[in-house]
Each structure stands twice: as structure tokens, then as C-alpha cells.
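Atoms within each ligand, like the ligands themselves, are counted from 1 in listed order.
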Amino acid sequence: MSTNPRRKFLIAAAATAGAAGIAGALLWQLRFRDEHAAHVKLPPVRDPEFPNPLRLPGSEGMYGVLDAAGAFAMVAKPVRHALVPGKPAPVLAYEVEQQGRTLLNPVLRVRTGTQLRIKFWNALEETSIIHWHGFKVDSNNDGHPHYAVPGGATYDYQYTVANRAGTYWYHPHPHPLTGKQVYLGLAGLSIVEDDEEIALQTALDLRLGETDVPLVLQDRRFDDSGQLVFAPTADERSQGHLGKDVLVNLTPRPHFQAANRIYRFRVLNGSNARMFRLAFRHGEELLDYYVIGTDGGLLDRPYKVSEAFLAPAERMDVLLDLRRAQPGDSLTLVSLPFDPMHHEAVRPDAGANAEHAQHDAHGAAAPQMPYTPDGAALDLLRIHVRQRIPYAREVPQTLSRVAPPPAATAKPRLITLDQSKGAWRINGLTYDMMATPIVVKRGAAEVWEIRNADRSMPHPMHIHGFQSRVLSREGSPEQQRRLAVADNGLAATDLGWKDTVLSWPGETVRIVTEFSHPYLGDQVYMVHCHNLEHEDGGMMLNLKVAA
Ligand code: C2O
Ligand code: CU
Ligand code: CU
């Protein structure tokens, strides 16, 4: 790395902060290399509760970083991998070979405006297709299940990354196999960068895989041989498939070694169905942290919170300020207990469902239950502060220019979520690959009023191909309402650009989406619940943007 551009930025940044800032920044610059070197030499941590080092994106292997540009091939295939340490077992992964390196589920790091040509080779024994979750692409490149290819076949993607900087992800989307394929391992991150993002990385001295750390949260079940188990019962197909243990970056019971500085965590809830209520606990106390970004990139400024809900497919980009921490301190990323609101089963005829919901609501799992109930308290990641380093950066006051929500140009549209005869529905319908029940005009900005029934479950609703803004939450449960940062009921994690929006039972959430795109002709996308069992069960509709 040439130090020149970096120094130039620091001087420019410091000029506004005054002369003391300049001295501080340059001094820091001189120490930069030592600090980095010290980070590597630490002896391993002994932590019986969290024995496994967190898997970090590196130069190869699982979650290796691929600076994506131009053409490359991604193969979906079975590989042997030890998710449970010492117990290698078959999992599915996307493999990329590049310059002698083999990457699995690579972190695709890409600059806005880059053209990609990706050959997808489906080496599974069933159909599949890749969906680039959150990306603004035309329908040919969106990975709509209509384009799923059989085992042995290929699909060519060619698109320009049009999104602003942010943490996006990719996963399979064949109907109705999405839940199973994601669960068995197929998912990865796309990290988009632009000038604002590089400025933030420079200002805070963030490096991907060291101090800018993706955290992919996924709950899983294993058998005794360390193999993933996916065999949803009828109940689980209706409610969602929950795991027993939560993996972070495919690491069970992980720990992470830190220094007394600011860290960035890009958190993706990559679970099929589990929600998290995320907090950092230090002893009995919850540490404040800053939400700096959501699904579609950076917010205008950091928002200080002590907890946040994260539903499946949502992303939350946060800063954790450990500058005052001491070597020897440790803290834990936790999911606080919450009411999972499985209210669909609270009715006289519910039978087994009601019992399931009772367990969930009270966290009182039967001892032999193969999963941890939704809403249960969970310890996810232990962070050990091990090092004292010089670090003179501050949490920035501003982050990004976020355009205001588009003004509606069409009549509001009602989107209802409910269940009938065990099937989750959108506007009374379940998925039909050939039907396009929602047609919007290209260029229209539509407000959607998403009304989740009282007798329902939380549904994280996702629209392909566009990013939306959340306008308001009404009728929210207390556990959500108390997180509001403005009178429209929005929490910090509802701000900025969103592609997946949580909707609780009894709640009405208004979002606005501008359906503008630069492609020729009609485009067919989809809207669906990102509880993957709900999606695979048909809680999904085609969405046509008519040219
Ligand atoms: Cu991440 Cu259609 O989904
Ligand atoms: Cu998507
Ligand atoms: Cu759902």
C-alpha cells in the first residue's frame, strides 16, 4: 500500500479539525505499522465457553476476500468442511478459484460502477440459481427462481454494480429449495465500496477482516458426526426452521481478540427464520453502540443504541467503541430475550402449534427439543480485549449524504400478510411462478402499506431489485416501539435504504419505493417474506415493473 493517498486524506481531514488534529493524525500515521504488527503476535486465548477463534475473511478459504471485477466463475458444490472443529462433514459452498487460491463463499468486495461477468456453475444435484440480495440489477441478473438451472448447468450473469456502498449478500433462490440450500451453506457477502465508504475506512483506520469485521449470524443443528441437519417438520415449515446453536461466520462458540479502539461490525442475519435482539454486554451492563448503516449502506450519521432487532436477511453496520476498554476486559455480543410473537397459533383449534408457541414465548424448551426457541437469550460472540494501542480516532459526526425518501407518485398500495389453512399469504395469495399479481409502472414511486394480521408471526418482507425507505411503523409491539428514534416509530435499523423490512403481528409498516431502472422492457422481480420456510412455502409474489 502506498502511504501517499492516505497521508493526503489525513491532512485534508485534519485541516477542518484544526492544527492539533494535524499533529495527532500524522503522529498516528507513524505508529500505524507497529500497531498492525503487534496485532498478529498475540498468544491464543483460552476461553472454555467460547473456544473457537472467529473465522475472519482472509486471503483464501471460507469467506476469503475476492476483489471482484471482470469475469470469474462461481461453482455451487458440496465440499467437506469442519464447521464443528475436528469434525469435517459435507456442506454446500460457492467456490471461486483465482490465481491459485480457492475461495469458498467469498466476500465479494467491489467498487460501485464495476462490471461483473459471473459464470454460475451449478454442481449440485438439484436446481439452483444465485440471487444478489439488495442489488439493483435487471431481471435477467436477479436470480429469479424462473431462471433456476438444473444440476450440471450454468447461468451467465453480466451486470454493473449500481448500488451505493453497503453490505449486501448473495444466496440461492430456486423455488422451493432456497431454505435448504442456504441452510446447508450457500451464502456469502458482497461488500460494495465507494468514495464515502473509503473516507470512513480511512478516518477510522478500518481494515476488512481485522477491524472491519463481518458477522454472519446463522442458527444450525448438527448431528453427532458434525453434519448439518435440515429436516423441517410440518410445524417448522409453517413457522420457520430454527437451529440449536448460532454460528457466527460459520464458527460455533466463537471468540474475537480486540484492542482498545473502534471496531466496525457488519452484521447479517443469515438465519432461515431466527430473529435477534442484538446488544453488547459487559458484565451486567449493556454497552452503547452506534448504528452507522443498514441494508442499503451508510446512514447520514451514527445513531447510538443499546439494542436492535435484526430479522432474517437484514444487515446492520455498527461501530463499537472500545477505546476505554482495558486489556483483560471481555464483552459478549448477545441476543437479549424477547417475545417472538408467534401469535398465529393462539387460537382454539391450534393444537400442537399452540404448544410450540407456548414454549417459544416462555423460552421453556422441552429438554430434548432439537432447537433453541425463537426469542431465547443467546450469547453469540465473546470479545476479548487483549491489547493497548495508540488510537486517536473519533466516531465521526456525519457519515454519508442520504437522499430523502422519494415522493409518492402513485396511489398507496395495501399489502396484507396473513395465514390461511396453514399457508402464509401476501394479499391473500401464495406463489405462482407464472402469475404477476403486482404490477407497478416503471419510474413510479409507490407507498406500500404492509399490514400484518394480529394472528400472525413476524415477517421480514423483502423486495428484489430496489431499495426502499421506511416511512412509519404503527401498532408496533412495545418491544419495538421503545426503540423508536423518531415519532414515526422507526428504529435506527429502519433508517436509510432498506431491502428487507420487519413487520410484527398487528403492525402496519409504510414503505416507499421508486421503481426506476435503466433497463429495456418489462422487468419481473419479486416480493417475499425472508423467513425462508415462509418463502419456500409460497409467501412470495412476482412483481412486474411494466416498461
Ligand atoms: Cu435474499 Cu429473494 O431474497
Ligand atoms: Cu433479495
Ligand atoms: Cu414470514
Cation-pi check, Arg469 to Trp497: give yes when NZ or CZ is under 6.0 Å from the six-membered ring centre and within 45° of the ring axis, no otherwise. yes
Face-on cation placement of Arg221 at Phe230 ring, 6.0 Å and 45° thresholds: no
For the Cu ion (ligand 3): the N/O/S atom of His534 at shortest distance: ND1
Please name the atom of His459, restricted to N, O or S, that is closest to the Cu ion (ligand 3). ND1
For Glu125, which residues count as a side chain to side chain donor-acceptor pair (under 3.5 Å) partner, sequence neighbours excluded? none
Please determine which of Phe120, Tyr525, Tyr157 meets the ring-ring contact (aromatic ring centres under 6.0 Å, His included) test together with Trp132. Tyr157
Output yes when a side-chain donor or acceptor of Glu449 lies under 3.5 Å from a complementary backbone atom of Pro412, and no otherwise. no
Say whether, by atom type as modelled, one donor and one acceptor occur between the side chain of Asn105 and the main chain of Leu186 under 3.5 angstrom. no
Listing protein N, O or S under 2.8 Å around the Cu ion (ligand 2) gives His131 NE2, His462 NE2
Test applied, side chain to side chain donor-acceptor pair (under 3.5 Å); reference residue, Ser139; option that passes from Gln523, Lys544, His517: Gln523
Once salt bridge (charged side-chain N to carboxylate O under 4.0 Å, His left out) is applied, do any residues pair with Asp418, and if so which ones, sequence neighbours excluded? Arg425
Measure from the ring center of His462 to the ring center of Trp169 and say whether it is less than 6.0 Å. no
Distance from Phe135 atom CZ to Tyr168 atom OH, nearest 0.5 Å? 7.0 Å
Could you enumerate the protein N, O or S atoms under 2.8 Å from atom 2 (Cu) of ligand 1, written like residue then atom name? His173 NE2, His464 NE2, His528 NE2
